[in-house]
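Numbering of ligands and ligand atoms starts at 1, following listing order. Just so you know, residue 1 is the first one in the sequence shown, and it goes up from there.
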Amino acid sequence: MWPDQPIDYIKLEDDEKGIHFGFFNQDQLVSVVSLFIDGNSAQFRKFATDAKEQGKGYGGKLLLHMMEEAVNCGVNMLWCNARLDKAPFYEKFGMIKTSRHFIKDGVAFVVMQKDLLSR
Ligand SMILES: CC(C)(COP(=O)(O)OP(=O)(O)OC[C@H]1O[C@@H](n2cnc3c(N)ncnc32)[C@H](O)[C@@H]1OP(=O)(O)O)[C@@H](O)C(=O)NCCC(=O)NCCS
């Protein structure tokens with residue numbers, strides 16, 4: 001996600017409170033995402049597929065699995081800070097753009113959300 005940054009850049013204070021999912025192709029970890037639950041809502045962060053493995057369906061499968069697990073944990077509203085250029089990807093999975101936009105380190109983001117109860 002941030003290949004030019006040191007590993008500490010992606011560490012979060014809340015990492016220990018998250019649920020961390022990984023998609024394995026045989027024994028190789030190819031895609032990751034972290035879910036942070038706060039009551040009935042949850043944010044997912046740090047979603048990335050190994051650059052060599054992108055476009056093979058791994059990220060999508062992982063996202064769907066994470067959504068199922070979120071529902072099982074009682075989450076009804078799922079949200080994320082999506083890179084603006086990735087919004088069409090998330091829309092395929094039912095996420096909707098909100099009006100909240102921001103820029104971080106030169107990258108444009110939009111907050112996206114999905115009501116997991118209205119699937
Ligand atoms: C976003 C990311 C995690 C997707 O993972 P992936 O394993 O490549 O995704 P998939 O192969 O499962 O793609 C699923 C579907 O979305 C499509 N898709 C992938 N990237 C897309 C994009 N930017 N815009 C629109 N559709 C996209 C794929 O074509 C595929 O469609 P299909 O099922 O109709 O064939 C991956 O591109 C990545 O790691 N990017 C760099 C880090 C990043 O930007 N993370 C997201 C931060 S918000």
Peer 1: Looking at Gln5, I want to see if its CD is surrounded by more than 12 non-hydrogen atoms of other residues, nucleotides or ligands under 6.0 Å.
Peer 2: yes

Peer 1: Name the closest protein heavy atom to atom 22 (C) of ligand 1, giving the residue it belongs to and the distance to 0.1 Å.
Peer 2: Phe89 CB, 3.7 Å

Peer 1: Side chain or backbone of Tyr90 under 4.0 Å from ligand 1, or both, or neither, by non-hydrogen atoms?
Peer 2: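 The answer is the side chain of Tyr90.
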
Peer 1: Do you reckon Tyr9 sits in the same ILVMFWY cluster as Ile7, going by side-chain contacts under 4.5 Å, direct or chained?
Peer 2: yes

Peer 1: Quick check on atom 5 (O) of ligand 1 - does any protein heavy atom sit closer than 4.0 Å to it?
Peer 2: yes

Peer 1: Is Gly55 near ligand 1, meaning one of its heavy atoms is under 4.0 Å from it?
Peer 2: yes

Peer 1: State plainly whether one hydrophobic cluster holds both Tyr90 and Phe21, where clusters connect Ile, Leu, Val, Met, Phe, Trp and Tyr through side-chain heavy atoms under 4.5 angstrom apart.
Peer 2: yes

Peer 1: Under a single-linkage rule joining Ile, Leu, Val, Met, Phe, Trp and Tyr whose side-chain heavy atoms are separated by less than 4.5 Å, which residues share a cluster with Phe24?
Peer 2: Leu29, Val32

Peer 1: What protein heavy atom sits nearest atom 12 (O) of ligand 1, and how far away is it?
Peer 2: Gly60 N, 2.7 Å

Peer 1: Assess whether atom CG of Leu12 is packed by more than 12 heavy atoms of other residues, nucleotides or ligands within 6.0 Å.
Peer 2: yes

Peer 1: What protein heavy atom is closest to atom 43 (C) of ligand 1, reported as residue, atom name and distance in Å?
Peer 2: Phe47 O, 3.9 Å

Peer 1: Within the 4.0 Å heavy-atom shell around Tyr58, which atoms of ligand 1 are there?
Peer 2: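 Checking each atom against Tyr58, I get 7 (O), 12 (O).
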
Peer 1: Less than 4.0 Å is my threshold; does some heavy atom of Asp85 fall inside it relative to ligand 1?
Peer 2: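 So Asp85 counts as touching ligand 1.
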
Peer 1: Does Arg83 come within less than 4.0 Å of Asp85, counting only side-chain N to carboxylate O?
Peer 2: no

Peer 1: More than 12 heavy atoms of other residues, nucleotides or ligands under 6.0 Å from NZ of Lys17: yes or no?
Peer 2: no

Peer 1: Taking only heavy atoms of Pro88, which atoms of ligand 1 are found under 4.0 Å from at least one of them?
Peer 2: 24 (N), 25 (C)

Peer 1: Where is the nearest protein heavy atom to atom 40 (N) of ligand 1: which residue, which atom, and how far?
Peer 2: Gln54 NE2, 3.5 Å

Peer 1: Hey, which atoms in ligand 1 end up nearer than 4.0 Å to a heavy atom of Lys56?
Peer 2: 11 (O)

Peer 1: Does some non-hydrogen atom of Phe109 fall short of 4.0 Å from ligand 1?
Peer 2: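 The answer is no: ligand 1 sits nowhere under 4.0 Å from a heavy atom of Phe109.
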
Peer 1: Which residue and non-hydrogen atom of the protein lie closest to atom 31 (O) of ligand 1, and at what distance in Å?
Peer 2: Lys92 NZ, 2.9 Å

Peer 1: Rounded to the nearest 0.5 Å, what separates atom CG in Asn81 from atom CZ in Phe102?
Peer 2: 3.5 Å

Peer 1: Looking only at protein heavy atoms, which one is nearest to atom 39 (O) of ligand 1, and what is the separation?
Peer 2: Thr49 N, 2.7 Å

Peer 1: Is the backbone of Ile10 close enough, under 3.5 Å, to the side chain of Lys46 for a donor and an acceptor to pair up by distance?
Peer 2: yes

Peer 1: Assess whether atom CG of Asp15 is packed by more than 12 heavy atoms of other residues, nucleotides or ligands within 6.0 Å.
Peer 2: yes

Peer 1: For atom 47 (C) of ligand 1, find the nearest protein heavy atom and state the residue, atom name and distance (0.1 Å precision).
Peer 2: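 Here the nearest protein heavy atom works out to Met1 CE, 3.6 Å.
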
Peer 1: Please report which non-hydrogen protein atom sits nearest to atom 1 (C) of ligand 1, along with the residue it belongs to and the distance in Å to one decimal place.
Peer 2: Lys86 CE, 3.7 Å

Peer 1: Check the orientation of Phe89 and Phe93. Use parallel for under 30°, tilted for 30 to 60°, and perpendicular for over 60°.
Peer 2: tilted

Peer 1: When you measure from atom 7 (O) of ligand 1 to each heavy atom in Gly57, Gly59, Ala48, which option holds the nearest one?
Peer 2: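 Comparing heavy atoms across Gly57, Gly59, Ala48, the nearest one to atom 7 (O) of ligand 1 lies in Gly59.
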
